[in-house]
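Chain letters run A, B, ... following the sequence lines, proteins first and then strands; every chain starts at 1.
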Amino acid sequence: MNNGAAPLVEVRGITKRYPGVLALDDVSLSVRAGEIVALTGENGSGKSTLSKIIGGAEQPDDGVLLIDGEPTVVANPATALRLGIVMISQELTLAPHLTVAENVFMGRLPRRGGLVDWPAVRSRARTELAALGVHVDPRVKVGDLSVELQQEVEIARAVSSKARLLILDEATSSLSETATERLLELVREQGRRGVAVLMISHRMPELYATATTAAVLRDGRMVGVVPLPETPEPRLVHMMVGRELNDYYGGRQVTPGPVVLDVRDLASDDGALAPTSFQVRGGEIVGVAGLVGSGKAHLGMALGGAIPATGEVRVNGTRVVLGDPRRALTAGIGLVPDDRKRAALLPTRSVAHNMTLSWLRTLSRFGVVPGRTERRRVREAIAEYGVKTSSPNKLITQLSGGNQQKAVLGRIFALGCPVYVLSEPTRGVDVGSKSQIYGLLQKLTAGGAAVVIISSELPELIGLADRVLVCFRGAVRGECSGEQLTEQVLNAIAVSGHIHTDDSGEAA
Amino acid sequence: MSQDTTTRPEAPISGPVPGGDSTNALSRLAALWRLSGSSTGVLAGLLLLGAYLGATQPIFLTWGNITNVVASNSVVLVLAVGATFVIISGGLDLSTASAAAVTGMAYGLLLQHGQNALVAVAGALLVGLLLGVLNGVLIAYVKVSFLVVTLGTLSVFESAALVMSQGKTLNVFSRPGFAPIYRITNGDVGGIPYLMIFDVVLVVAAALVLRYTTFGRGVYALGSNREAARLNGINVARTTLSVFVIAGLAAAVASLIQVGRLTGASPGVDSTLLLTVVAAVLIGGTAYTGGDGGVGGTVLGVLFLGVIQNGLTLSDVSTFWRGTVNGTVLIVAVTLGVARHRGWLTINRGKKAQSRA
Ligand SMILES: Nc1ncnc2c1ncn2[C@@H]1O[C@H](COP(=O)(O)OP(=O)(O)OP(=O)(O)O)[C@@H](O)[C@H]1O
Ligand SMILES: [Mg+2]
């Protein structure tokens, strides 16, 4: 048969077993040149595992991988790269101590006379980044960049290496709306040029705007391949989670109580957040929107005591000492940071110990952790927050990305704080679990908690929050609620700091 | 489809070893090894070594030899238990052997000045505590790198020990206050040396602290991800200070055992001691990057090095070889640990696989 008709990449009967889990069970899938296939499914359904196998980072226990119709063994990521398979993974893989330019050209630095041609590295990196609309100095160390910029650098690296198959494993999960839009446009463009794309995302609108086909995995099995914009969303979601999702964001009947969180002139010492004041009542959910670098992430960190800050924060009238996470926690501010890998996970510890980390102070008696109570509470939390793991003693890094996030959320929710500050709480979480988390949030607020939710997903903010603060260039520039709470208004303030319609005037 | 099957993996596993059965067994072994805890490697090594020595050296398995191995490795064990805390927390205490020299000197001097046993022992422990506080404060509160601080104090403590006695070894055998420590380090009850009992108690206590206390969990959290630990309310500075204080106290206890066994306090620092201590911890499966491991592994590491040492002595090999052996074992053990961690040593069919060139 002729290779022109063969799909660019095809897997047949792929099976992959991890201790205690069958991650992939006889999975077959093909991706043709120019096709953009969305790989979907719940957290832990095997999406990353499948893409790692195609990308050479894992080997299947059984099954065949065909490239251009020929059975091929992709032994490692380097081989994959030579075959034109470029993978952008869920976990960032950049070297934090190297510069942006070095990272973009890692493994293929332009040379002259045996030596690395540094001026060329920098200028070519600058060109590549500019082409993607990423404005970052190629000489900066990657570790000093925000997660979003790091992700964009990673994408620049992938795109510049001339891929035939581009695998995007939740590449957009740490990007803002605009950056996401840029990336998706880039993906469509690559598709038009005949590049095959395999993309994983838990954001349905992205899939609908980009992909031509959706392949759905459930518990490691391929449950179906459907054409994309045509298949209605409820049907696709049903294939993924196996049930209907009604009442996605949930609702609650709460009359906001007294002010629980009172923030006055909160500013971060590094200047990323200018003095900001707002109040949150018990039972209220306040959203915070804004572009990356708008200071919204710093607002969360300053509230949680993660960074040095000035101003006045009161919880139930009691003043909180700033810049000290211990004090913030004691005062009742539960923070979920946005950078899971850097600031939340203990990568060398088990799921159980990761969860207990947040509970140590309340759980222990005279400095001793009661083993039985600990095991019981871990079991309960795993069940309540839907963390899919074969055992509480499994290493947290062996969970799927979404399940790691659920563990991090669960350990904070279980604290019963009066105030929750959640930065990108549903990053990497599947639709079904998102809905479940929203339900839990509604329950927390119904119980009188004040919730600040910082998110780059506007639909989430609009669906959940009573009102949304919008950050622009380091300060809160607007507040929207009710009628005004629309993506257009939020976007307008986020991009320009004010609303530029004729009937404007609400941007404070 | 084109059937260019040169690259088709016909069997699920087609490793470098011919013969399906042995390959399967091997791959199963490899999987077991990858799944096993980080100290099973050493345990296996220890058992093999023990079996070999037991078969070739009739003396090896005698009770007298076993108690001898335990007694002569107690100093290393106590220091290594302290070092385990530090290393799990993501640090390293290079000054531990030198600190032991200082506390030993303090103990010897107190005895020479006619102090009673209690005062002398308490004095040595206090000095150990202070040395630990010195390291800990500089690292945790002044925020100087642990490598810089403990490399500096390594040198400072070493010379302090020499200054304290003008370089002389203090003979304490005839001092009345020395009797209790002498008895504890050399005596036995019903054939079981007190030292062995002490070692067991110490190790069990340390293991319980690491596993079941908030402090212990904090030590792991710190070594695993400092920022996550901080954000979840772990007192990073205090925990760091504490592990160095534990190391200082361990140095004091180790020095008491040392003086007890030698009946004198020597100001010189055994140059191989530090390496042996750190090697024992790492061989025992504690990660040098922190966040993983435990004292159980450290015991195995100490025993492993101790048994090798014992084997060399029994086989009349010069002690000059000791450093070579310890260093080599360290590198091999840690390499194997890293290999397991990265999932190497699986019978990787990927190795033979080829891209279509
Ligand atoms: N290294 C590993 N060791 C053990 N189990 C693993 C390992 N990697 C993945 N798993 C398990 O395999 C299953 C599939 O995981 P995978 O990461 O492919 O899920 P996913 O579909 O990408 O989920 P998510 O949407 O949360 O990213 C999960 O149950 C996970 O716990
Ligand atoms: Mg995944």
CG-CD1 distance between B:Asn225 and A:Ile396, expressed to the nearest 0.5 angstrom: 12.0 Å
Atom pair CG/CG of A:Leu335 and B:Leu231 - distance to nearest 0.5 Å: 6.0 Å
What part of [X] lies closer than 4.5 angstrom to a heavy atom of chain B: side chain, backbone, both or neither?
X        : value
A:Leu329 : side chain
A:Ala306 : both
A:Pro337 : side chain

Considering residues at least two apart in sequence or located in another chain, which fulfil the ring-ring contact (aromatic ring centres under 6.0 Å, His included) criterion with A:Phe413? A:Tyr420
Just do the side-chain contact (heavy atoms from CB on, under 4.5 Å) check on A:Ile412 and B:Asn232 with the steps written out, would you? CA-CA 9 Å; A:Ile412 296 293; B:Asn232 283 286; 4.1 Å; yes
All heavy atoms of A:Arg349 vs all of B:Ser224, minimum pair found to be CG-OG, 4.1 Å
Select, from A:Leu346, A:Leu415, A:Val368, the one with the greatest count of heavy-atom pairs under 4.5 Å involving chain B. A:Leu346
Sort out for me which of B:Thr214, B:Leu208, B:Thr289 touches chain A most, counting heavy-atom pairs under 4.5 Å. B:Thr214
Against chain A, work out which of B:Arg226, B:Glu227, B:Arg217 has the most heavy-atom pairs shorter than 4.5 Å and name it. B:Arg217
Of all pairs that satisfy side chain to side chain donor-acceptor pair (under 3.5 Å), the ones with a partner from residues 320-333 of chain A, not counting sequence neighbours: A:Thr330-A:Arg361
If you define the side chain from C-beta out and look only at heavy atoms, does anything of B:Tyr220 sit under 4.5 Å from A:His353? no
Please indicate whether A:Arg376 has more than 12 foreign heavy atoms, meaning atoms of other residues, nucleotides or ligands, lying under 6.0 Å from its CZ. yes
